[in-house]
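In what follows, a structure is listed as structure tokens, so that the remarks can point back to it.
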Amino acid sequence: MSDQIEIQELKAKYARYADAVFRTSGSVAAATALADLFTNDGTLNLGPFGTYSGRADLLNAFQTILPAGTAWSTHYIVSPIINISGDDTTGDWYYLIQMVPRSPAHAPVVTIYGGYQDRYKKVHGQWKIQESISLFFTPPT
């Protein structure tokens, strides 16, 4: 499989595993599966939702912090631009995220538009996310 396809599958797993974290709030298995997509020193920068660095911080975010504020989500991640450079590479993506906050009760679905700026690193022959930065787009009113 080509590096580009492997990275696209890695990001698709990120989308599915992130949604699983919210569907199974507090699940160690879901949090671990998502954290396993990152390098041990990986960073996830979610802007106003926090920045998490290193395996322990990512696991805590995926199992406890992020599910405390979100009851449900679905991530649509599209339009990759991937630049392969040896065992280190970058990827830019657009996303549309539908989510339901935990509070208030019966909160409506919220739509979030944005993109990811990612850096990837090959670890023992497998691509991992080294850094993912979320950018938020605001549609004109």
Side-chain angles (χ1 to χ4, degrees), residues 1-104 106-141:
M1 186 178 326
S2 77
D3 288 335
Q4 189 161 10
I5 291 171
E6 287 180 29
I7 291 166
Q8 288 176 1
E9 286 193 9
L10 174 64
K11 198 63 176 185
K13 287 178 184 177
Y14 171 87
R16 287 177 169 84
Y17 295 178
D19 294 336
V21 161
F22 298 122
R23 282 194 317 271
T24 60
S25 182
S27 167
V28 173
T32 301
L34 185 53
D36 285 347
L37 300 179
F38 288 80
T39 61
N40 285 333
D41 63 348
T43 296
L44 176 63
N45 179 336
L46 298 175
F49 301 104
T51 298
Y52 310 97
S53 295
R55 184 155 178 92
D57 203 22
L58 288 167
L59 281 168
N60 184 45
F62 299 150
Q63 186 177 356
T64 308
I65 297 169
L66 298 173
T70 303
W72 173 89
S73 77
T74 186
H75 288 65
Y76 301 98
I77 302 174
V78 299
S79 303
I81 298 175
I82 299 169
N83 297 301
I84 307 291
S85 178
D87 286 347
D88 295 294
T89 195
T90 61
D92 290 323
W93 310 79
Y94 284 151
Y95 66 70
L96 181 146
I97 300 170
Q98 299 277 314
M99 58 86 67
V100 175
R102 285 216 179 269
S103 179
H106 310 292
V109 173
V110 174
T111 301
I112 303 170
Y113 304 93
Y116 294 107
Q117 290 181 336
D118 292 348
R119 286 187 306 121
Y120 304 96
K121 184 171 185 72
K122 203 172 243 189
V123 178
H124 305 298
Q126 185 176 15
W127 286 106
K128 300 277 186 173
I129 302 167
Q130 186 165 34
E131 179 181 51
S132 184
I133 300 170
S134 292
L135 307 171
F136 297 87
F137 306 157
T138 304
T141 55

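When reading the values below, keep in mind they use all heavy atoms of this one structure, side chains included, and skip hydrogens, waters and symmetry mates.
- Residues F62 and Y52 form no side-chain contact, since every pair of their non-hydrogen atoms from C-beta on lies 4.5 Å or further apart.
- Of all heavy-atom pairs between G42 and L58, the closest is O-CD1, 3.8 Å.
- Taking OG from S134 and CG from D118, the interatomic distance works out to 8.0 Å, rounded to the nearest 0.5 Å.
- Taken from OG1 in T90 to CD in Q130, the straight-line distance is 12.0 Å, to the nearest 0.5 Å.
- One distance of note links OG1 of T74 with CE of M99; it measures 12.5 Å at 0.5 Å rounding.
- Considering only heavy atoms from C-beta on, K121 stays 4.5 Å or farther from D87 through its side chain.
- The closest side-chain heavy-atom distance from V28 to Q63 is below 4.5 Å.
- Residues N83 and Y120 fail the side-chain proximity criterion, which asks for heavy atoms closer than 4.5 Å.
- T89 places a side-chain N or O within donor-acceptor distance of the main-chain N or O of I84, the cut-off being under 3.5 Å.
- Note that OG1 of T43 is 11.5 Å distant from CD1 of I129, once rounded to the nearest 0.5 Å.
- A donor-acceptor pair is defined here as one N or O able to donate and one able to accept, closer than 3.5 Å; such a pair exists between the side chain of K128 and the backbone of D36.
- Side-chain N or O atoms of Y95 include one that pairs as donor or acceptor with a backbone N or O of L135 at under 3.5 Å.
- R55 places a side-chain heavy atom less than 4.5 Å from the side chain of T32.
- A side-chain donor-acceptor contact under 3.5 Å links R102 to the backbone of P67.
- Residues E9 and I5 meet the side-chain proximity criterion, which asks for heavy atoms closer than 4.5 Å.
- Interatomic distance, T70 OG1 to I65 CD1, rounded to the nearest 0.5 Å: 12.0 Å.
- Between K11 and S132, some side-chain heavy-atom pair lies under the 4.5 Å cut-off.
- How far OH of Y17 is from CG of L10: 9.5 Å, rounded to the nearest 0.5 Å.
- Between Y14 and H75, the ring planes lie perpendicular to each other; the angle is over 60°, past the 30° to 60° tilted range.
- For the residue pair F136 and P48, the shortest heavy atom distance occurs at CE1-CD, 3.6 Å.
- Considering all non-hydrogen atoms of both residues, S73 and D19 come closest at OG-OD1, 2.6 Å.
- Taking both residues in full, the closest heavy atoms of V21 and A30 are given as CG2-O, 3.8 Å, listed atom of the first, atom of the second, then distance.
- No side-chain heavy atom of W127 sits under 4.5 Å from any side-chain heavy atom of Q8.
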